[in-house]
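FYI, side chains are in, hydrogens and waters are out, and symmetry mates aren't considered; it's all heavy atoms of this structure. Computed from a predicted model, the values in this text were never measured in an experiment.
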Amino acid sequence: MKTLLEHSAEKLTRWPRQISLRARCGKACWAGSPAASFLTPASASNVLPSNLSPRFFVVFSFLTALTAGFGGQQKSFAPRQGVIWSDLMEWSIDHPAVQGNPFDLSARAVFWHEDSGTQITTSLFFDEGDQFKFRFTGTETGKWSVRTHSQDPVLDGWSGEVRIRRNPNPEANGFIKAINGKWGWQGSGRVFIPQYVMAQHPTVFLKGDGQVDTAALLAYIQEFVVQHGFTGFHIPMAGRWFEGENPDPRVYCALEFIIREVHARGGAIHMWFWGCDPCREQSGPESIAGGHMSAMDRRNLRYFAARLGPIPGWSMGYGYDLENGWMRPEALDAWKHFLESHMGFDHLLGGRVGYDHVGLTRTNPRPPIPPIDAYHNSPIADKYMAWLGGDYMGYTGYRPLYPRYKEVIQHHPEKPSFEEDRFRIRQVENWGFKDYTPELTRRGMWHSAMAGGVANIWGNMLPHNSPNSLGSSTYDNREIQVAEGEELVVDMKHQIKTYSLFFQNRFLPDMVSFFDGPEMRLIVLEGGHALIYREDTDIIRLDTRLLKGAQPAVAVDTRKPYRERVIGMLTPGKHTWTAPHRSDWAVAVGDFSR
């Protein structure tokens, strides 16, 4: 005859599961990854006891009473150590018997910093097998304590401590933040100019067994981030987060791999959470999740916040074509508040232009498109239109160049600015008024930088007019140049890399922009650093009256592979430099190594 304990245990194993979905990515997410060392998975010493769910609370309490005093394990994690900004730490709790949908089970982990009193609250998320996990990235050095809280007794009451050490790399980037109205990084304190390339959807990098094709992803990152020099990728998720009505862990596994690998190389990712409901793709919350902030939408938002919130290196917009009126400002406010209340870590959230201060959209009424102007071609109506509740200011501009970029920065200079349309090289008749040429692409990057640092999204759809879902082709568009008595064939990817290398360590938080005749300038007002850019010229005026003492100067031909030409030491005053040939030139004045 079975004892009551044996009978209860047998009954638990027979009760049907209420949900069949289980994550299929697991530890393979990080296999073979150079950044794998940054992730600290639950070690063998941290494997936690199997417990019971709320549905079985009565049985759980009875079994607990029976086993009291028989060596039951305490709810404590082994002490952990990590490095500030670079170590994503993860804890696991086994929970083999969950009532209902495990993606709806609520639990949170509260981290408390002993010295400063800083508190970070993040959520637990359901992962492979029967595990619930939570993550943490150290934002201050020293001792942190952690404790879990939940109405579920299995997930409630776990505690531990983490010691976060200094990062051996003083230039390590943390989370993206606003610095002097520019895009910047916690940790290093640097500012940057996001130049994103259109990416393939993360599901492209999933193999047949659901595992992430890490080799293909690393090659993809090597091509566009390392060789081209883009800041990172723009990923239009367009609501493709789900398997059925639940979050699809495979998609998240591929996405977080991309984010972490790009961040490990000093770059960033920008996502669009949704697509657009009234558009041809029907990729917004109404068509996919049954409506904005529906149960399915909130379930995914909670999962997103718990799984991706502790990972640095990304920003996100709500979706695209918001200017078509399918999402109102108050709905965007609710989305942002809900996500931030579950995330615990700071990320810049926004949305592409859609509203002015009274909530009008470009569809009500929709103004006429202005004539094509190669120098300044942007919709008139969105001049003062943006979602003011976002952490950055997102706009829709057509072929924006220096005057437009300056305009959007001056609209709200306290926040980072983003021309959040996709600037594509393609051959589509209907979009000829807004699409790009290789020259407009190259110059657009320089103009957005020299105006003060506006973010952009770029894509090359040629040679086959690749559909958006496939992402950008490589920028192998070739240009034949004749200069200084020689013919040179230059791939556009080398010109993008030249732009990237020129601004590496040269874009500073306190730089201001101004236009002085044909030259565009970025300067530090208290003197010491200046950047000058001028197109189609062999003469550049170097006004260095604000410099403090003599400073070194170098010039770069922006149409060629990166090569610095030494101008020499410049004293405060007015100078003129004659280039060896006519081109688009950039000059850096000052010692940027300090």
With no hydrogens and no angle check, just 3.5 Å: does a side-chain donor-acceptor pair link [X] and [Y]?
| X | Y | result |
| --- | --- | --- |
| Tyr405 | Asn456 | yes |
| Glu419 | Ser448 | no |
| Asp248 | Tyr303 | no |
| Trp85 | Gln186 | no |
| Asp421 | Thr396 | no |

Asp127 and Arg307 ion-paired at < 4.0 Å: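 Looking at Arg307 together with Asp127, the answer is yes, because their closest N to O distance falls below 4.0 Å.
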
Carboxylate-amine/guanidinium proximity below 4.0 Å for Lys75 and Asp156: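 So Lys75 does not pair with Asp156 through a salt bridge.
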
Tell me, do [X] and [Y] make a side-chain contact under 4.5 Å, heavy atoms counted?
| X | Y | value |
| --- | --- | --- |
| Ile311 | His263 | no |
| His270 | Trp272 | yes |
| Phe103 | Val98 | no |

N/O donor-acceptor pair under 3.5 Å between Trp241 side chain and Phe273 backbone: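 Pair found, side chain donor or acceptor close to backbone of Phe273.
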
Side-chain (Ser283) to main-chain (Ala238) donor-acceptor, under 3.5 angstrom: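 Looks like no, no N/O pair under 3.5 Å.
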
Identify the two heavy atoms, one from [X] and one from [Y], that lie closest to each other, and give their separation to 0.1 Å.
| X | Y | result |
| --- | --- | --- |
| Val262 | Gly232 | CG1-CA, 4.1 Å |
| Ile176 | Ala268 | CD1-CB, 3.9 Å |
| Pro102 | Phe132 | O-CE2, 3.6 Å |
| Ile235 | Ala199 | CG1-CB, 4.0 Å |
| Trp326 | Gly275 | CZ2-O, 3.0 Å |
| Tyr318 | Pro285 | OH-CG, 3.5 Å |

Arg166, CZ atom: more than 12 neighbouring heavy atoms under 6.0 Å: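 12 or below, so no.
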
With a cut-off of 3.5 Å and sequence neighbours excluded, list every side-chain donor-acceptor pair involving residues 342-351.
from   : atom 1 : to     : atom 2 : distance (Å)
His342 : ND1    : Phe338 : O      : 2.9
His347 : ND1    : Trp314 : O      : 3.4
His347 : NE2    : Gly309 : O      : 2.6

Phe192: ring-ring contact (aromatic ring centres under 6.0 Å, His included) partners, not counting sequence neighbours: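 Residues passing ring-ring contact (aromatic ring centres under 6.0 Å, His included) with Phe192: Trp185.
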
Non-neighbouring partners of Asp321 that pass salt bridge (charged side-chain N to carboxylate O under 4.0 Å, His left out), sequence neighbours left out: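 Partners of Asp321 by the salt bridge (charged side-chain N to carboxylate O under 4.0 Å, His left out) criterion, ordered by chain and then number, come out as Arg352.
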
Aromatic plane relationship, Phe77 with Phe134 - under 30° parallel, 30 to 60° tilted, over 60° perpendicular: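 Ring orientation, 0 to 90° scale: perpendicular.
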
Validation row, ring centre Trp91 to ring centre Phe111 under 6.0 Å: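 Here the rings of Phe111 and Trp91 have centres that are less than 6.0 Å from each other.
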
Phe233 vs Tyr220, ring-ring contact (aromatic ring centres under 6.0 Å, His included): CA-CA, chis, key distance, verdict: CA-CA 10 Å; Phe233 297 102; Tyr220 194 63; 5.0 Å; yes

